[in-house]
Protein chains: 2
Amino acid sequence: MSAAREIIPIHALKAVCSSCSLQELCLPLGLAQEEMIQLDDAINQRMPVRRGEALFRLGDAFRSLYAVRTGFFKTVVVSEDGREQVTGFHMAGELMGLDAFGTDQHGCTAIALEDCEVCELPYHRLENLALEIPALNRHLYKLMSREIIRDQGAMLLLGNMRAEERLAVFLLNLSQRMAARGFSSRQFVLRMTREEIGSYLGMKLETVSRTFSRFQQDGWIKVQGKQIEVLDLAAIKQLVSGCIGLQH
Amino acid sequence: MSAAREIIPIHALKAVCSSCSLQELCLPLGLAQEEMIQLDDAINQRMPVRRGEALFRLGDAFRSLYAVRTGFFKTVVVSEDGREQVTGFHMAGELMGLDAFGTDQHGCTAIALEDCEVCELPYHRLENLALEIPALNRHLYKLMSREIIRDQGAMLLLGNMRAEERLAVFLLNLSQRMAARGFSSRQFVLRMTREEIGSYLGMKLETVSRTFSRFQQDGWIKVQGKQIEVLDLAAIKQLVSGCIGLQH
DNA sequence: ATTGGTGCTTGATGAAGGTCAATACGATTA
DNA sequence: TAATCGTATTGACCTTCATCAAGCACCAAT
């Protein structure tokens, strides 16, 4: 199919890192202009992933990192007996696959919760580039390091906090991440089910639902299915004050 | 005190990475002999840390990674309201401080649970060396990546498993790590208190104690204070079968 | 030997959240 | 429009673990 080479796929025409609006949230953070152009070459832009599809699966050979460009992912770990644990939710500008360096296999499965686009960062090219660009290498360290801190925050959450505290931290965290991307921090749509929230927070879907209802009765939020409106941010912050959260 | 320079401190005479028995568990894994000698130069060997002392504290400026040479550490995160969460236990050959790259500050506090020795790996020297030695750089990625996986395992543990499963995973994990270091996997001493175990596993010290007692009644282990003897490994493994554990 | 401190064990009780079940909602398809 | 499937809500009940409390074991210091 050599004829296909003459048809330039539409996504090849799209913006690259050096002109991407997510620069400040994503991998290129802190790079000089010329370094960013080098990075452009190492990246496959705008792979589409449709809702419900897996971008990679636990055990897959590790070939690339992926940055979310648009859309929303969950990552899950499945234990032998089928129990599923959601280990994170990922939105624009966030990197997935950092847990795969260790074993050369992906350590979790990434599923698109809506139609998404990702940038693919082939591992070998990235590694070579990182050795040439110290700032990039350092930033990769930083990103992995932050992932560790984030997970430790989640451990504290799961180990020490009650259901309502967990859900409050979750809402606050989501709200802040929306704000960082220029969306409303007061009104947003949950892309995940109650069960997925529950799995992430270590509680059952019924408890998630009940806790949402209680927050609503208290006038803190308005819930309509997946539509969330934050009414009393201060009250929610009050509840989680003194807790180490799920920073992102 | 220039005269002091003529007194060679005793620890300077001790073994370096290239002749360290922990090579295979520690940072030098996978390096060529000559690369290891370069690493020797970048490392301050055998810093002593006494029981109860902090090697570094949450918020301290990040200057070095530390490898445990002998002894046993805990790392803890303290929330604003004083709640303390143990995030890990660390023994010979394990690296601490990987969570500090992200913010240039340590993200947890490391406390020696017995008299210890550590190797200090100054950050800048290590970073420069990593840029020269691709294998070292890759290994640092791997170590951080494994830390992420480990933390995700802990999340699954805390989110999904019951008290006895958690403690079984904990014992199994400890037993395996002892074995990997040439110690008995059947008999060992817990260096941490019941409260610290409980904090790590997300349960109260009373529950830890009760669960140990139950394991003992079932003939799975023998507990005498901090002395543990594993009597029925198969039964313990059976309990955690199908769980994703705390790999180390 | 006595005292105090810290950590461990064990019992009694209660609260938080899990489980089971019935019902309702909402989006997609027939 | 109806039918269906996945998702969400809510209630009733039960299990697990936290809490409170008492007593014990061990070590260190006086």
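Quick caveat, the model's predicted, so the values are computed rather than measured. Proteins get letters first, then strands, A, B, ... in listed order; numbering begins at 1 in each.
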Could you state the atom-to-atom distance from [atom1] of [X] to [atom2] of [N] in whole Å?
{"X": "B:Leu205", "N": "D:dA18", "atom1": "CG", "atom2": "C1'", "result": "11 Å"}
{"X": "A:Leu201", "N": "C:dA16", "atom1": "CG", "atom2": "C1'", "result": "16 Å"}
{"X": "A:Leu190", "N": "D:dT7", "atom1": "CG", "atom2": "P", "result": "14 Å"}
{"X": "B:Lys204", "N": "D:dA21", "atom1": "NZ", "atom2": "P", "result": "16 Å"}
{"X": "B:Glu164", "N": "D:dT15", "atom1": "CD", "atom2": "C1'", "result": "13 Å"}
{"X": "A:Asn160", "N": "D:dA18", "atom1": "CG", "atom2": "C1'", "result": "13 Å"}
{"X": "A:Ile197", "N": "D:dA8", "atom1": "CD1", "atom2": "C1'", "result": "11 Å"}
{"X": "A:Gln227", "N": "C:dC25", "atom1": "CD", "atom2": "C1'", "result": "16 Å"}

Any side-chain N or O of [X] under 4.0 Å from OP1/OP2 of [N]?
{"X": "B:Ser213", "N": "C:dT10", "answer": "yes"}
{"X": "A:Thr193", "N": "D:dT7", "answer": "no"}
{"X": "A:Lys226", "N": "D:dT7", "answer": "no"}

Quick check for you: among [options], whose closest atom lies nearest to any side-chain atom of [X]?
{"X": "A:Glu206", "options": "C:dG17, C:dA21, C:dT9", "answer": "C:dA21"}
{"X": "A:Arg162", "options": "C:dG17, D:dT9, C:dC8", "answer": "C:dG17"}
{"X": "A:Ser209", "options": "D:dA8, C:dG18, C:dT9", "answer": "D:dA8"}

B:Glu94/B:Arg181 salt bridge by N-O under 4.0 Å criterion: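 A salt bridge is present here (some side-chain N lies under 4.0 Å from a carboxylate O).
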Reckon A:Gly202 touches a base, only the sugar-phosphate, or nothing at all at heavy-atom distances under 4.0 Å?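 Sugar-phosphate: the residue A:Gly202, judged by heavy atoms under 4.0 Å, touches backbone atoms but no base.
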Is the backbone N or O of B:Ser199 less than 3.5 Å from a side-chain atom of B:Gln85, with the two atoms forming a donor-acceptor pair by type?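 Between the backbone of B:Ser199 and the side chain of B:Gln85 there is a qualifying donor-acceptor contact (under 3.5 Å).
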Is the A:Phe56 ring parallel, tilted or perpendicular to the A:Tyr66 ring (thresholds 30°, 60°)? parallel
Please evaluate the base of C:dC8 for a donor-acceptor partner in the side chain of B:Glu195 within a cut-off of under 3.5 Å?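 No, the side chain and the base share no sub-3.5 Å donor-acceptor pair.
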Which of these, A:Lys222, A:Gln216, A:Arg186, sits in a side chain to side chain donor-acceptor pair (under 3.5 Å) with A:Glu229?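 By the side chain to side chain donor-acceptor pair (under 3.5 Å) criterion, A:Glu229 pairs with just one of A:Lys222, A:Gln216, A:Arg186: A:Arg186.
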Under 6.0 Å between the ring centres of B:Phe89 and B:Tyr200? yes
Please compare B:Arg210 and B:Met192 by the position of their nearest nucleotide in DNA chain C and report the one closer to 5'.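 Whichever sits nearer the 5' end wins; that is B:Met192.
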